[in-house]
Amino acid sequence: MTVRFVRPVSQSAYVARRLGYSALILFLLATVAHRFGPLTTPDFIVLVLLAAGIGAVSVPLAIIGLARLWQVGAEGGVAATKGLLAACIPLALVATGTFYYHTLPRIYDVSTDLADPPPWIAEPQANQQWLPRPLGVTPVERRLQFAAYPGLTGRRYEGAIDRVYQGVTRAATSAQIGITHKEGVELVEPDISERPAREDEQAPVPDVAPIPLPRPELSLAPVFGTSGDVLLQGEARTLVLGLRFDVVIRLREDDDTTSVDMRVASRYGPHDLGLSESIAEDFLDRLDAELLGIAGG
């Protein structure tokens, strides 16, 4: 007579697998809709928190299923493991964000020039929904930035502004910063009077020499609005989640050197989780590589 042992079945393990898969699918759909679709960042955060909540419920159920497997050999060990692994993905993201939220300063705007941050060409506007933020950056927040990121400083290069401008544009392209607004670029473009005229644009030689007119008198009145700075404003997005950040880059020529400063701000929420500083450092490192050999003090 053959004796067959009937293994008990752990229902909690299979429930954990279903919940873990649900959390993972919700997280993936939200990520795709935010990265490539119309889902806004505040709504994306809500869905990620919901996915993490579902995953958090599946974790104790999976642990119970694994414990039953160890104690009485109950079926469901594989299901519990799959549910646990699936739930770990949204839970890990939320845990990482929570850690940075509490360990990094509560700021959303960083600049390499704390005394005179580069101004926005067009002030970024976004519906914050349930993520309210301060109306402006205060000196207290700038001091918090300096304490957290003392190495975030601007660059100075021994070269003309047009040469540095070319490196900035290449570095921005390499860092996947899309430039949307420009101001002062006439300072780095060749003067039209210095460009050689095309054959069809060359004026015919007149038969009669023109009579010179009197030179106009120079005005001594001050001219406003010509600071001599070149500003480039654009947008940067994180690689996987597609979080949006507004970026402005300033070039300023001083004698034989050109300084480059940068400002990065998260588009949503009062906390950037340290990503603004990472975007700025990545761009500045790429710029150093582009302009290797002409870096100044």
Side-chain angles (χ1 to χ4, degrees), residues 7-108 126-133 148 176 235-245 264-279 282:
R7 294 178 58 187
V9 178
S10 175
Q11 297 297 331
S12 61
Y14 292 98
V15 174
R17 184 178 63 179
R18 287 193 291 269
L19 291 177
Y21 283 173
S22 299
L24 179 60
I25 291 173
L26 177 60
F27 171 74
L28 293 178
L29 290 176
T31 301
V32 172
H34 180 257
R35 185 67 178 84
F36 304 103
L39 187 65
T40 62
T41 298
D43 293 336
F44 168 71
I45 294 176
V46 170
L47 293 179
V48 169
L49 292 176
L50 178 60
I54 296 174
V57 174
S58 71
V59 170
L61 295 176
I63 294 175
I64 293 174
L66 293 174
R68 292 279 294 168
L69 172 65
W70 176 263
Q71 293 171 353
V72 297
E75 294 182 0
V78 175
T81 302
K82 291 181 178 179
L84 191 62
L85 294 176
C88 282
I89 296 178
L91 284 174
L93 178 64
V94 172
T96 303
T98 303
F99 174 77
Y100 288 145
Y101 186 90
H102 290 288
T103 57
L104 294 178
R106 187 183 175 88
I107 57 177
Y108 66 91
N127 182 11
Q128 301 298 316
Q129 295 177 250
W130 61 276
L131 295 174
R133 62 167 35 167
Q176 297 185 354
E235 176 189 279
R237 303 189 69 181
T238 57
L239 181 61
V240 178
L241 301 180
L243 301 174
R244 287 178 167 84
F245 290 79
V264 184
S266 63
R267 185 166 296 180
Y268 295 93
H271 203 306
D272 63 3
L273 304 180
L275 294 174
S276 298
E277 188 269 345
S278 299
I279 293 174
D282 177 66

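Heavy atoms only, all atoms of each residue included: L39 and A30 are closest at CD2-O, 3.6 Å. Taking both residues in full, the closest heavy atoms of R106 and P270 are given as NH2-CG, 3.5 Å, listed atom of the first, atom of the second, then distance. Shortest non-hydrogen contact noted between L26 and I54 is CD2-CD1, 4.4 Å. Nearest heavy-atom pair, H34 versus T41, reported as atom, atom and distance to 0.1 Å: NE2-OG1, 2.9 Å.
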For residues 56-73, dump all side-chain donor-acceptor pairs below 3.5 Å to protein atoms at least two apart in sequence or in another chain.
from	atom 1	to	atom 2	distance (Å)
S58	OG	G55	O	2.7

Taking only distance into account, with no hydrogens and no angle test, what donor-acceptor pairs under 3.5 Å do side-chain atoms of residues 75-94 form with protein atoms, sequence neighbours excluded?
from	atom 1	to	atom 2	distance (Å)
T81	OG1	G77	O	2.9

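To the nearest 0.5 angstrom, T40 atom OG1 is 10.0 Å from Q128 atom CD.
Taking 4.5 Å as the limit, some side-chain heavy atom of S266 sits within range of a side-chain heavy atom of R133. Looking at heavy atoms from C-beta onward, I45 lies in side-chain contact with L131 at the 4.5 angstrom threshold. Contact annotation: the side chain of R237 never approaches that of L243 to less than 4.5 Å [non-hydrogen atoms, C-beta and beyond]. At least one side-chain heavy atom of Q129 sits less than 4.5 Å from a side-chain heavy atom of D43. F44 has its side chain within reach of T31: a pair of non-hydrogen atoms, C-beta onward, lies under 4.5 Å apart.
Taking the ring axis of Y268 as reference, the NZ or CZ atom of R244 does not stay both within 45° of it and closer than 6.0 Å to the ring centre.
S276 contributes no side-chain N or O that, together with a main-chain N or O of D272, makes up a donor-acceptor pair within less than 3.5 Å.
In this view, Y101 and H271 satisfy the ring pair (Phe, Tyr, Trp, His ring centres under 6.0 Å) rule, not counting sequence neighbours.
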